[in-house]
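Convention: sequence-line order gives letters A, B, ...; per-chain numbering from 1.
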Protein chains: 2
Amino acid sequence: MAITKLRRNTPQRRVILEELCLLKSHPTAAELYAIVRKRLPRISLGTVYRNLEVLHEDGVIDKMEFAGAESRFDGNTELHYHVRCTECGRIEDIFPLDWEQTPAQPAELAGFQVTGYRLEYFGICPDCRIRLAH
Amino acid sequence: MAITKLRRNTPQRRVILEELCLLKSHPTAAELYAIVRKRLPRISLGTVYRNLEVLHEDGVIDKMEFAGAESRFDGNTELHYHVRCTECGRIEDIFPLDWEQTPAQPAELAGFQVTGYRLEYFGICPDCRIRLAH
DNA sequence: TTGACACCAGGAATGGTTCCTATTAATTTG
DNA sequence: CAAATTAATAGGAACCATTCCTGGTGTCAA
Ligand SMILES: [Mn+2]
Ligand SMILES: [Mn+2]
Ligand SMILES: [Zn+2]
Ligand SMILES: [Zn+2]
């Protein structure tokens with residue numbers, strides 16, 4: 001039933017995924033672009049965006065979108081959560097093991113057919129805490 | 001210690017807050033602009049944005065930001081959560097009473113000083129479910 | 001009065017992301 | 001392999017919600 005769209009295995013897509021998975025950080029498209037360019041100097045930023053989107057569609061990577069801040073990408077698709085620094089945008093992993101409960105996901109809420117949820121913590125990262133204290 | 005900034009009680013700010021609080025919906029700045037213009041025809045969209053920001057800073061209203069979608073505002077600052085329709089952007093309230101647990105908020109995670117968290121559900125609203133089924 | 005300044009309307013600028021178009025190249029078919 | 005098909009690319013323009021800028025206005029206090 002679900003027609004799987006043909007994906008070509010381009011060098012650009014391959015390198016983008018490789019470099020993302022090497023990182024423990026959660027880079028923006030622009031940051032990843034800078035890294036990928038070392039191996040593919042002629043790649044365009046649009047290609048990075050398009051492939052990150054495609055990889056996300058296919059469930060190969062995670063995409064985290066924020067208002068007013070650049071989206072960030074995660075090569076680790078294990079179930080985990082994040083803390084985001086409201087000062088510099090840095091993101092760190094929080095694995096469910098680290099604390100007790102995970103939120104319930106009801107099938108229906110207020111008449112909505114619930115397809116997912118998003119839980120994210122925000123705060124100040126160690127570096128920014130030091131920096132802000134002069 | 002915390003220097004409270006002087007706020008002037010302008011008609012624009014008053015009307016924006018009044019109209020927002022009358023609504024059970026969670027309007028965008030543009031939607032609220034259209035409503036407020038009926039009472040203040042010469043108000044500018046920039047003024048609506050500025051005042052919504054100010055009111056949010058002062059904790060008088062809630063602001064919900066989404067990537068790729070307009071921010072929405074909430075005159076109800078009681079603790080509650082939201083379901084957002086991924087098709088039309090509509091938002092409905094979910095009060096903690098409606099279901100069991102609320103997420104824990106640790107004071108520190110991964111070295112971050114945690115200042116808050118965000119939990120939001122997304123799905124398909126009743127209207128869009130009907131519409132999508134032809 | 002006069003100064004200080006929060007605030008306004010109008011409009012330009014911003015910037016991350018998406019879209020457009022001609023071209024390239026991965027994959028399939030014969 | 002050669003040819004046909006068409007997904008994907010580079011480059012750059014467009015998008016658009018939001019913010020910023022500017023000149024001006026209303027208000028309060030000294
Ligand atoms: Mn992660
Ligand atoms: Mn609400
Ligand atoms: Zn930080
Ligand atoms: Zn809907």
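- Between the side chain of A:Arg13 and the backbone N or O of A:Arg8 there is at least one donor-acceptor pair closer than 3.5 Å.
- Within the structure, a side-chain polar atom (N or O) of B:Thr10 is placed less than 4.0 Å from OP1 or OP2 of C:dC8.
- Near-neighbour residues of DNA chain C inside residues 15-38 of chain B, defined by a heavy atom below 4.0 Å, are absent.
- At C:dC8, one or more side-chain N or O atoms of B:Asn51 fall inside 4.0 Å of OP1 or OP2 (strictly under the cut-off).
- Computed from coordinates, the A:Arg13 CZ to C:dT27 C1' distance equals 13 Å when rounded to whole Å.
- Taking a 4.0 Å limit (strictly below) on heavy-atom distances, residues 64-71 of chain B reaches DNA chain D at B:Glu70, B:Ser71.
- Protein atom NZ of A:Lys63 is 10 Å distant from nucleotide atom C1' of C:dT18, rounded to whole Å.
- Atom P of nucleotide C:dC7 and atom CG of B:Leu52 are separated by 14 Å, given to the nearest angstrom.
- Between the side chain of A:Arg129 and the backbone N or O of B:Gly111, at least one donor-acceptor pair lies under 3.5 Å.
- Of the options B:Glu53, B:His56, B:Glu57, a side-chain hydrogen bond (donor to acceptor under 3.5 Å, both in side chains) to B:Lys63 is made by B:Glu53 and by none of the others.
- To the nearest 0.5 angstrom, A:Ile94 atom CD1 is 11.5 Å from A:Glu120 atom CD.
- The residues B:Glu70 and B:Arg72 are annotated as not salt-bridged, no charged nitrogen and carboxylate oxygen being separated by less than 4.0 angstrom.
- Checking D:dT18, C:dA25, C:dT17 against the side-chain heavy atoms of B:Tyr49 singles out D:dT18 as nearest.
- The main-chain N or O of B:Val60 is never found under 3.5 Å from a side-chain atom of B:Asp58 such that the two would form a donor-acceptor pair.
- Taking the side chain of A:Arg8 as heavy atoms from C-beta on, and the options D:dT6, C:dC8, C:dA9, the nearest nucleotide is D:dT6.
- The distance between atom CG of A:Leu40 and atom P of C:dT24, rounded to the nearest whole Å, is 18 Å.
- Spacing between atom CG of B:Asn9 and atom P of C:dC8 amounts to 10 Å, rounded to whole angstrom units.
- Taking 4.0 angstrom as the limit, B:Ser44 places none of its side-chain polar atoms (N or O) nearer than this to OP1 or OP2 of C:dC8.
- Between A:Glu19 and A:Lys38 there is no salt bridge, since no side-chain N of the basic residue sits under 4.0 Å from a carboxylate O of the acidic one.
- Between A:Arg7 and the choices A:Leu55, A:Asn51, A:Val54, the side chain to side chain contact (heavy atoms under 4.5 Å, CB included) rule is met once, by A:Val54.
- Residues B:Val48 and B:Phe73 are not in side-chain contact: their nearest non-hydrogen atoms beyond the backbone lie 4.5 Å or more apart.
- For A:His26, the side-chain hydrogen bond (donor to acceptor under 3.5 Å, both in side chains) partners at least two apart in sequence or on another chain are A:Asp74, A:His82, A:Asp93.
- Of the candidates C:dC8, C:dA26, D:dT19, C:dA26 carries the atom nearest the A:Pro11 side chain, counting heavy atoms from C-beta on.
- OP1 or OP2 of D:dA10 lies within a sub-4.0 Å distance of a side-chain N or O belonging to A:Gln12.
- In this structure, B:Arg42 reaches the C:dG10 phosphate: one of its side-chain N or O atoms is under 4.0 Å from OP1 or OP2.
- Look at CG on B:Leu6: it is 16 Å from P on C:dA4, rounded to the nearest Å.
- The side chain of B:Ile43 has C:dA9 as its nearest neighbour among D:dA8, C:dA9, C:dA6.
- Comparing C:dT27, C:dT17, C:dC7 against the side chain of A:Leu45 picks out C:dT17 as the nearest.
- Contact annotation for A:Glu53: no contact, since no heavy-atom pair falls under 4.0 Å across all strands.
- Taking atom CZ on A:Arg7 and atom C1' on C:dT28, their separation rounds to 18 Å, with Å as the unit.
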